[in-house]
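Below is one structure. I have some questions about it.
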Amino acid sequence: MTTAVRGAPAAKASGAPRPGSPRRTRRRPALPYLLLLPALLLELLIHVVPMVVGVVMSFVKLTQYYIRNWSAAPGAGLDNYKFVLDFDTATGKALAHSFGITVEYTVLSVGFCWLFGTSAAVLMQRSFRGRGLLRTLFLVPYALPMYAAVITWSFMFQRDTGLVNSLLGTHSFWLIGDNSFWSLLTVSVWRNWPFAFLIVMAGLQNIPGELYEAASIDGAGWWTQFRAITQPMLRPVNQVLLLVLFLWTFNDFNTPYVLFGKSAPREASLISIHIYQSSFVTWNFGLGSAMSVLLLLFLMLVSAGYLALTARRRRTASV
């Protein structure tokens, strides 16, 4: 009798359902979804809607004569895409040239960013005096506002009053001609390598120090440790880093636009600037939209292929 009486309050206090009583369904609060609603609406208005409008415009002959009344623009079907991809015409040749320049620019920029970022991150792993200050200085290019940084570089590249020619003792043109490509590449690497440094440095924090200690005891040098320990352990980080840098660099518009203006030199005419000129300089929004859609499809195809390849390598390595 005493045991049964003492057990009853305990069961009631624990909240256990009584036999035969219906279970209460726990209702999910709607507040989290309501808080996400403004962000979803802004994402829809800023990215999704313009993307859909751009795809629709690519199937219309939208030129300067139909800007006031878009609905009156005649349909083009696939003519805009056929005209853009016809490399026998001046438009197709210019697009192919910009595509080649962009590929070269992207490969060099991503390669140098990864090289400088990884080297600096490995260097910063060892403790030495002034390491904190050096880390801060490395992140300054990435922390600076993009427009202010690129405008500063444009002043430095001036022929008569620029700092670059003053230091080199020359009077070279850096914003026109063949040097314009290397000027653009320099600014891009200077802007983006701290991001690679930050990501790689975060990835190095997850590598156990015992691995390096064991390798040192076995007589492995720094290059052997980097090749056998650092690189394999950083492979997942590098896979994401290279993809992000590729998408940023290949689709870069702000850097060449601020550095050169609306008309970039032919040697530094990236595909983003070429699309801008086709849309807002020649006022042929149909062709410009077709080029934008093709660029989007190319980036999606490369990204999907890259992710499939890395996933296959991970499965092979795990086996």
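In this text the structure is predicted, and so the values were computed from the model without any measurement.
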*By side-chain contact (heavy atoms from CB on, under 4.5 Å), which residues pair with Leu296, not counting sequence neighbours?*
Met51, Met300
_For Phe112, give me all partners under ring-ring contact (aromatic ring centres under 6.0 Å, His included), at least two apart in sequence or on another chain._
Phe116
*Would you give the length of the straight line joining atom CD1 of Ile207 to atom OH of Tyr212, rounded to the nearest 0.5 angstrom?*
4.0 Å
*Quick one: CG on Leu134 to CG on Leu123, what's the gap to the nearest 0.5 Å?*
7.0 Å
_Set of residues satisfying side chain to side chain donor-acceptor pair (under 3.5 Å) with respect to Tyr105, sequence neighbours excluded_ = Ser188, Asp252
_According to side chain to side chain donor-acceptor pair (under 3.5 Å), who are the partners of Gln231, at least two apart in sequence or on a separate chain?_
none
*Under 3.5 Å, side chain of Asn284 to main-chain N/O of Ser278, donor-acceptor pair present?*
no
*Hydrophobic cluster mates of Leu41, side-chain heavy atoms under 4.5 angstrom, ILVMFWY only, any path?*
Leu37
*Yes or no on side chain to side chain contact (heavy atoms under 4.5 Å, CB included) for Val293 and Phe59, after CA distance, side-chain angles and deciding distance?*
CA-CA 11 Å; Val293 174; Phe59 296 100; over 6 Å; no
_Restricting to side chain to side chain donor-acceptor pair (under 3.5 Å), what partner residues turn up for Gln225, sequence neighbours left out?_
Ser216
*Apply side-chain contact (heavy atoms from CB on, under 4.5 Å) to Arg266 and list each qualifying residue two or more places apart in sequence or on a separate chain.*
His97
*asked:* Test your reading of the model: is there a side-chain donor-acceptor pair from Arg159 to the backbone of Trp174, 3.5 Å cut-off?
replied: no
_Main-chain N/O of Ile176 paired to Glu267 side chain as donor or acceptor, under 3.5 Å_ = no
*Taking all atoms of both residues into account, what is the closest heavy-atom pair of Leu259 and Val150, and its distance?*
N-CG1, 3.7 Å
*Evaluate the criterion side chain to side chain contact (heavy atoms under 4.5 Å, CB included) for residue pair Thr106 and Leu245; output intermediate values, then yes/no.*
CA-CA 9 Å; Thr106 302; Leu245 287 177; over 6 Å; no
_Connected hydrophobic set around Leu301, excluding itself, where side chains approach under 4.5 Å_ = none
*Do Leu243 and Leu309 belong together in a cluster built from hydrophobic side chains that touch within less than 4.5 Å?*
no
*Determine whether Cys113 and Phe195 make a side-chain contact, defined as any pair of heavy atoms from C-beta on separated by less than 4.5 Å.*
no
_Ring centre gap for Phe298 and Phe99 strictly below 6.0 Å_ = yes
*Phe280/Phe285 aromatic ring centres below 6.0 Å*: yes
*asked:* Would you compute the distance between atom CG of Leu184 and atom CG of Leu108 and round it to the nearest 0.5 angstrom?
replied: 11.0 Å
_I want to check something: taking the side chain as every heavy atom from C-beta on, are Phe157 and Val187 in contact at a cut-off of under 4.5 Å?_
yes
*For atom CZ of Phe155, decide whether the heavy atoms of other residues, nucleotides or ligands shown that lie under 6.0 angstrom number more than 12.*
no
*asked:* Check for me, please, whether Leu307 and Val244 land in the same ILVMFWY cluster - side-chain distances under 4.5 Å, paths through other members count.
replied: yes
*Kindly give the heavy-atom pair with the smallest separation between Lys61 and Ala76, and that separation in Å.*
CG-CB, 3.5 Å
*Closest heavy-atom pair and its distance - Ala264, Ser269*: CB-CA, 4.4 Å
*asked:* For residues 75-92, which residue pairs pass the side-chain hydrogen bond (donor to acceptor under 3.5 Å, both in side chains) check, not counting sequence neighbours?
replied: Ser58-Tyr81
_Residues Arg313, Arg235; criterion side chain to side chain contact (heavy atoms under 4.5 Å, CB included); working and verdict_ = CA-CA 11 Å; Arg313 288 181 177 178; Arg235 187 171 291 119; over 6 Å; no
*How many angstroms lie between CG in Leu40 and CG in Leu35, if you round to the nearest 0.5 Å?*
11.0 Å
*Leu85-Phe83 co-clustered via ILVMFWY side chain contacts under 4.5 Å*: yes
*Search all heavy atoms of Gly54 against all heavy atoms of Ser289 and return the closest pair with its distance.*
O-CB, 3.3 Å
*asked:* Rounded to the nearest 0.5 Å, what separates atom CG in Leu270 from atom CZ in Phe253?
replied: 10.5 Å
*To the nearest 0.5 angstrom, please state how far the CG atom of Leu163 sits from the CH2 atom of Trp153.*
8.5 Å
*Kindly say whether the aromatic ring centers of Trp193 and Phe138 come within a distance under 6.0 Å.*
yes
*If you group Ile, Leu, Val, Met, Phe, Trp and Tyr by side-chain heavy-atom gaps below 4.5 Å, do Tyr142 and Leu137 land in one group?*
no
*Side chain to side chain, Val237 and Asn206, heavy atoms closer than 4.5 Å*: no
_Pro38: partners by side-chain contact (heavy atoms from CB on, under 4.5 Å), with sequence neighbours left out_ = none
*Take Tyr306 and Leu242, measure what side chain to side chain contact (heavy atoms under 4.5 Å, CB included) needs, and give me the verdict at the end.*
CA-CA 10 Å; Tyr306 178 79; Leu242 292 177; 3.8 Å; yes
*Heavy-atom pair of closest approach, residues Pro194 and Leu139*: O-CD2, 3.9 Å
_Looking at every non-hydrogen atom in both residues, tell me the closest pair between Phe226 and Pro232 and how far apart they are._
O-CD, 4.4 Å
*If only atom types and distance count, is the side chain of Arg131 paired as donor or acceptor with the main-chain N or O of Met124 below 3.5 Å?*
yes
*Are Leu44 and Leu34 grouped together when hydrophobic residues (ILVMFWY) are joined by side-chain heavy atoms under 4.5 angstrom apart?*
no
*Just jot down the side-chain contact (heavy atoms from CB on, under 4.5 Å) partners of Leu295, sequence neighbours excluded, or say none.*
Phe250, Asn251, Ile271, Ile275, Leu299
*Trp190 and Leu144, any side-chain heavy atoms less than 4.5 Å apart*: yes
*With a 4.5 Å limit on heavy-atom distance, are the side chains of Gln158 and Leu175 in contact?*
yes
*Residues two or more places apart in sequence or in another chain: which of them pass side chain to side chain donor-acceptor pair (under 3.5 Å) with Ser303?*
none
